[in-house]
Amino acid sequence: MPSLSVSLNLNGSVGQNGTNQPHDVLAVKNRLADLGFPVTRDSLVNPETIDIIKLFQSIIKGKTVIGGDGKIDLDGPTLKFLQAANAPQWLEMPKGSPGEGFINHDNQQGDNHDFGTNWMIETIQAAAQLYLNAHLSSHPSAALIQTNDLSKPRGGITPVHATHQTGLSCDIRLPRKDGQSGGIVSTDSKFDRDAMRAMLKAIRNQSKYEIKRIFFNDFTLITEGICVSAAGHDNHAHIDIIPPLQQ
Ligand SMILES: [Zn+2]
């Protein structure tokens, strides 16, 4: 995966109402494809191309729903981040394992709702390492961090969430005292609050990316300042991250 800055040497704008010179379009689509975004490597600007440019614009602005004008202007912020060494990559969440401290629930379910930015994925991976050290090492039968629903393979609107459109959001299923996850709410006696506290602290404490907010309706953990309440978050925690500064 790319981690060097590039110069696309565009002669004009690309995307919605852009000048869309074929060489420029090909350069943009090649770069997006190199970053993992689902575009074809050609010089055509079609609605799918514009949707992916909007996805990219939404990601770098830290939005969790799709916005943007779908156009890459010369010297505009979209082109700058597209050329940056830390441009967001679009990836499928790895399946995870006990040794990594997390499990991808979508992968277990055969659900493809698990695409997102490398920023979100690296946040979970780093948090899971902290959770391994801070909690699982002393509580080996506790549940792993279990992720659910980042975004759809091409991002965009998903019927099951108000946000989750841009790969900057991820849900965490509730750990249970039997070492499994999910199927409960925070008031359930099976809920392993100590494990959840350790998971959410690990997510907050990892140093890869900054956490924007954590929604989860558990009075104890809210009182501890670990999360905030939001409708619909009795049976899972919802994480949003903040984009890094462009490098
Ligand atoms: Zn969510």
Side-chain angles (χ1 to χ4, degrees), residues 55 58-67 88 90-96 101-128 131 143-176 180-188 191-193 195-206 208-222 225-243:
L55 172 62
S58 307
I59 290 169
I60 63 175
K61 286 190 172 169
K63 295 182 180 299
T64 56
V65 297
I66 298 286
W90 188 256
L91 305 171
E92 183 166 14
M93 182 79 195
K95 65 194 285 253
F102 76 94
I103 290 289
N104 173 353
H105 178 68
D106 294 300
N107 185 273
Q108 292 191 317
Q109 302 295 105
D111 184 338
N112 67 0
H113 216 123
D114 61 347
F115 284 77
T117 59
N118 64 304
W119 302 342
M120 186 76 238
I121 291 167
E122 290 169 14
T123 297
I124 296 296
Q125 289 172 322
Y131 176 66
L144 302 174
I145 293 177
Q146 196 165 102
T147 61
N148 189 41
D149 282 5
L150 283 78
S151 296
K152 295 195 302 179
R154 303 181 60 83
I157 291 170
T158 160
V160 290
H161 299 278
T163 60
H164 285 258
Q165 294 184 16
T166 62
L168 298 176
S169 307
C170 178
D171 287 346
I172 306 294
R173 303 180 85 220
L174 298 200
R176 300 194 318 228
Q180 303 299 306
S181 300
I184 57 169
V185 294
S186 57
T187 50
D188 199 304
F191 175 47
D192 185 347
R193 182 170 290 108
M196 190 62 155
R197 178 187 292 109
M199 289 177 188
L200 298 183
K201 278 189 169 180
I203 288 166
R204 287 203 175 280
N205 290 342
Q206 55 70 39
K208 282 268 184 183
Y209 296 97
E210 201 176 330
I211 302 300
K212 183 178 185 181
R213 58 192 179 185
I214 300 178
F215 291 146
F216 177 46
N217 298 338
D218 179 73
F219 185 74
T220 303
L221 297 183
I222 290 170
I226 292 172
C227 47
V228 296
S229 68
H233 293 80
D234 294 342
N235 67 350
H236 70 279
H238 169 102
I239 318 296
D240 288 326
I241 58 169
I242 295 173

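Just the heavy atoms: all of them, side chains too, but no hydrogens, waters or symmetry mates, feed the values below. In each ligand, atom 1 is the first atom listed, and ligand 1 is the first ligand listed.
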Using 2.8 Å as a strict upper limit, say whether an N, O or S atom of [X] approaches the Zn ion (ligand 1) that closely.
X	result
His238	yes
His161	no
Asp171	yes

* To do: Measure the CG-CZ distance between Asp188 and Arg193 for me, rounded to the nearest 0.5 Å.
  =>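 Result: 10.5 Å between the selected atoms.
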* To do: Verify, without hydrogens or angle tests, whether Ser151 (side chain) and Gly167 (backbone) share a donor-acceptor contact under 3.5 angstrom.
  =>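 Side chain of Ser151 to backbone of Gly167: a pair is present.
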* Donor-acceptor side-chain pairing of Ser186 and Asp234 below 3.5 angstrom ->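 Short answer, no.
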* **Member of His238, His236, His164 meeting the ring-ring contact (aromatic ring centres under 6.0 Å, His included) criterion with Phe215** =>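 It is His238; the other options fail the test.
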